[in-house]
Amino acid sequence: SSEATVDKAIAMLRKLTAEQPLSKDGHHELARILISRGERGNASEISHHLKRSFSAGDSNVESRFAYARHEYLYGSLKNAKAEFEALKRSGLNPVVLDQVRKEIKDGQGNAVVYDGRVANIYDSFAFVSIAEFADQVFMHHTAAASANAWEEVSRGETVRVTVGFSFKGPKVKRLLEQKEASTSRAS
C-alpha cells in the first residue's frame, strides 16, 4: 500500500539523517513527509529536521521558510521571528519576499477562516489580531476583494480572513466580504 511505502520512506530517511546528520536535503525531505502526515502531531520531530535543513548564509531559503512557518504555528514565536528576519535580509526579490504562499489549510485542504479584529489601519495596510496567533498579522489592501471592501475596514472592526505566509512572516491572504464571511465557518 502507499501508506506502507511512506512508512518505509520515513524509516529510510530517519536512518539517513542519523547516519549523515549534515544531510540538509535528507532532513528537509523527512520533514516534508512528516508534515504531510500531520504537522501538529509530528511538530517536535519536524522542527528538529527543518532546523537542520539549512544553515546561516546558505541558499536554502525554502527550508528556512518552512522552519520559520512551522515555528510560528507550532513552536517558538521568537525562533520564527528570527528566521523571518533572516529571510528578509536574504537578498530575494521584494516581489518574491512579499508573495503570500503556504495558506493555512484544514485536514480537507480548505483554507482555514479566522475571526480577527483590526488593531491598526493605515492607507494601504493594517494589522489584525487573531486569537489563535500570539502576534498581529499583516494585511495588505490587496487582500480585500475590492477597493470598496478595503475602504469599509476600520480600526476595531471584526473581520474574517484567511492567513498564509510570505518570506517576511504571517500575512492575510484574503479578507472575506461580509456576505462571504457570514456563510463561512472557522475551523
Exercise: do S76 and E71 side chains pair donor with acceptor under 3.5 Å
no
The remaining residues in the hydrophobic cluster of V100, counting side-chain heavy-atom contacts under 4.5 Å among Ile, Leu, Val, Met, Phe, Trp and Tyr, are none
Backbone N or O of S55 within a donor-acceptor pair of the D58 side chain at under 3.5 Å?
yes
K88 atom NZ, over 12 foreign heavy atoms within 6.0 Å:
yes
List the residues meeting side chain to side chain donor-acceptor pair (under 3.5 Å) with K105, not counting sequence neighbours, and say none if there are none.
none
Looking at E19 and K15, does any basic side-chain N land under 4.0 Å from a carboxylate oxygen?
yes
Given H70 and K102, is the side chain to side chain contact (heavy atoms under 4.5 Å, CB included) satisfied, shown in steps?
CA-CA 11 Å; H70 180 77; K102 294 291 185 182; over 6 Å; no
Side chain to side chain contact (heavy atoms under 4.5 Å, CB included), that's the test. Do K173 and V163 meet it? Break it down for me.
CA-CA 5 Å; K173 181 164 175 89; V163 175; over 6 Å; no
Can you confirm whether N93 is buried at CG, in the sense that more than 12 heavy atoms of other residues, nucleotides or ligands lie under 6.0 Å from that atom?
yes
Could you tell me which residues satisfy side-chain contact (heavy atoms from CB on, under 4.5 Å) with A31, sequence neighbours excluded, listed by chain and number?
I46, H49, L50
Would you sort out whether E103 and T162 count as a side-chain hydrogen bond (donor to acceptor under 3.5 Å, both in side chains), showing the intermediate values?
CA-CA 7 Å; E103 187 174 33; T162 65; 2.8 Å; yes
Salt-bridge test for D7 and R37: reply yes if a basic N is under 4.0 Å from a carboxylate O, no otherwise.
yes
Side-chain donor/acceptor of N42 to backbone N/O of G38, under 3.5 Å:
yes
Any side-chain to backbone donor/acceptor pair from E157 onto S154? Under 3.5 Å, distance only.
yes
Closest heavy-atom contact between V153 and L175?
CG2-CD2, 3.5 Å
Which atom names give the shortest non-hydrogen contact between K168 and D98, and what distance separates them?
NZ-OD1, 2.8 Å
For the residue pair F133 and Y114, categorise the inter-ring angle as parallel (less than 30°), tilted (30 to 60°) or perpendicular (more than 60°).
tilted
All side chain to side chain donor-acceptor pair (under 3.5 Å) counterparts of E83, not counting sequence neighbours:
R64
Run through the side-chain heavy atoms of Ile, Leu, Val, Met, Phe, Trp and Tyr, join any pair under 4.5 Å, and report what else lands in Y122's cluster.
F125, F127, F138
Could you tell me whether a side-chain N or O of N60 sits under 3.5 Å from a main-chain N or O of S63, the two making a donor and an acceptor?
no
Is there a path of hydrophobic side-chain contacts, each under 4.5 Å between heavy atoms, that joins L16 and I35?
yes
Under 6.0 Å from the six-membered ring centre of Y67 and within 45° of its axis: does the NZ or CZ of R52 meet both?
no
What's the verdict on side chain to side chain contact (heavy atoms under 4.5 Å, CB included) for E132 and V112, showing C-alpha distance, side-chain angles and the deciding distance?
CA-CA 11 Å; E132 290 85 350; V112 175; over 6 Å; no
Can a donor-acceptor pair be found, under 3.5 Å and without considering hydrogens, that links the side chain of R155 to the backbone of A119?
yes
Return each pair, listed once, that meets ring-ring contact (aromatic ring centres under 6.0 Å, His included) where at least one residue sits in residues 76-106; pairs must be two or more places apart or across chains.
none
Got a salt bridge between R101 and E62, using NZ or NE/NH1/NH2 to carboxylate O under 4.0 Å?
yes
In terms of heavy-atom contacts, does NZ of K24 have more than 12 from other residues, nucleotides or ligands at under 6.0 Å?
yes
Say whether, by atom type as modelled, one donor and one acceptor occur between the side chain of T17 and the main chain of R14 under 3.5 angstrom.
yes
